[in-house]
Undergrad: 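Structure in structure tokens, see below.
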Amino acid sequence: MDEKSPASSPPDSIDSPRIFQTLNKTAPYPYSKREYARRFLWNVVYATFFRFSPPRSFWWRRFLLKSFGAKIGPHSGLRPGVKIFHPWLFEMGDWSMLANGVVIYNLGPVKIGDHTVLSQDVYVCAGTHDYTNPTLPLVRPPITIGSGVWIAAGAFIGPNVTIGDNSVVGARAVVTKDIEGGAIAAGNPARVVKQRPMSAE
Ligand SMILES: CC(C)(COP(=O)(O)OP(=O)(O)OC[C@H]1O[C@@H](n2cnc3c(N)ncnc32)[C@H](O)[C@@H]1OP(=O)(O)O)[C@@H](O)C(=O)NCCC(=O)NCCS
């Protein structure tokens, strides 16, 4: 091919934007050695004893997670298809339930209250990057989900979010800001659509 043909020419350097990100300078190992060791052990246990445990063996999965530092109430349950990245940064109160497909990407601490349900495929994302820094360093903010909350199927809960007690988050919602207690929020971005009716039993 002719060296001066458009296909082989370098991009026009006057119009090309400067590339801000320098990922070659990003820290290759952003976690401590202890955390890498714990993650390795937990991933082995997760991929075997947790993932392939019988569906109703809630006590067993609680035991495995608590052995790696999680705090979980005695009547709470997690299905075998739940993925928790760092058990030692996970706290769940009593009588709460996580359905199959739930991912707790807890680079930062994730806390869930009592009597709370996370339906199938909810993604709790307590990790992000500082995009103002060219090396895109990891940031590990917390997420807090209150008591008496229902998060419906496929919702995404972003970093630094707090979801108040008794609220409901609709299916496939994208939550990037706090949700007040007692509200029903839905959509992308999630907005309060109404208050939750709470009649006495
Ligand atoms: C959030 C939810 C519980 C609300 O149910 P509801 O009280 O019957 O809500 P409504 O139908 O009165 O909706 C109120 C408004 O919110 C909107 N809305 C409700 N759910 C929504 C959702 N998931 N995403 C976007 N908008 C939603 C409705 O369109 C309606 O808008 P409008 O006022 O402009 O018409 C329900 O919509 C939902 O998401 N259920 C999830 C089911 C699920 O995940 N099941 C699997 C686990 S068992």
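We count ligands from 1, going down the list as the structure has it; atoms in each ligand are counted the same way. Just so it is clear, the values below take in all heavy atoms, side chains as well, and ignore hydrogens, waters and symmetry mates.
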Undergrad: Under 6.0 Å from the NZ atom of K111, do we count more than 12 heavy atoms belonging to anything else shown?
TA: no
Undergrad: Backbone N or O of G182 within a donor-acceptor pair of the S167 side chain at under 3.5 Å?
TA: no
Undergrad: Do W95 and S76 have a side chain donor and acceptor closer than 3.5 Å?
TA: no
Undergrad: For residues 34-44, which residue pairs qualify under salt bridge (charged side-chain N to carboxylate O under 4.0 Å, His left out), counting only residues two or more places apart or in two chains?
TA: E35-R140
Undergrad: So do the side chains of Y105 and H86 get within less than 4.5 Å of each other, counting heavy atoms only?
TA: no
Undergrad: Can K66 be said to sit on top of F68's aromatic six-ring, NZ or CZ under 6.0 Å from centre and within 45° of the ring axis?
TA: no
Undergrad: Can you list every protein residue that has a heavy atom under 4.0 Å from any atom of ligand 1, sorted by chain and residue number?
TA: S119, Q120, W150, A152, A153, G170, A171, A186, G187, V193, K194
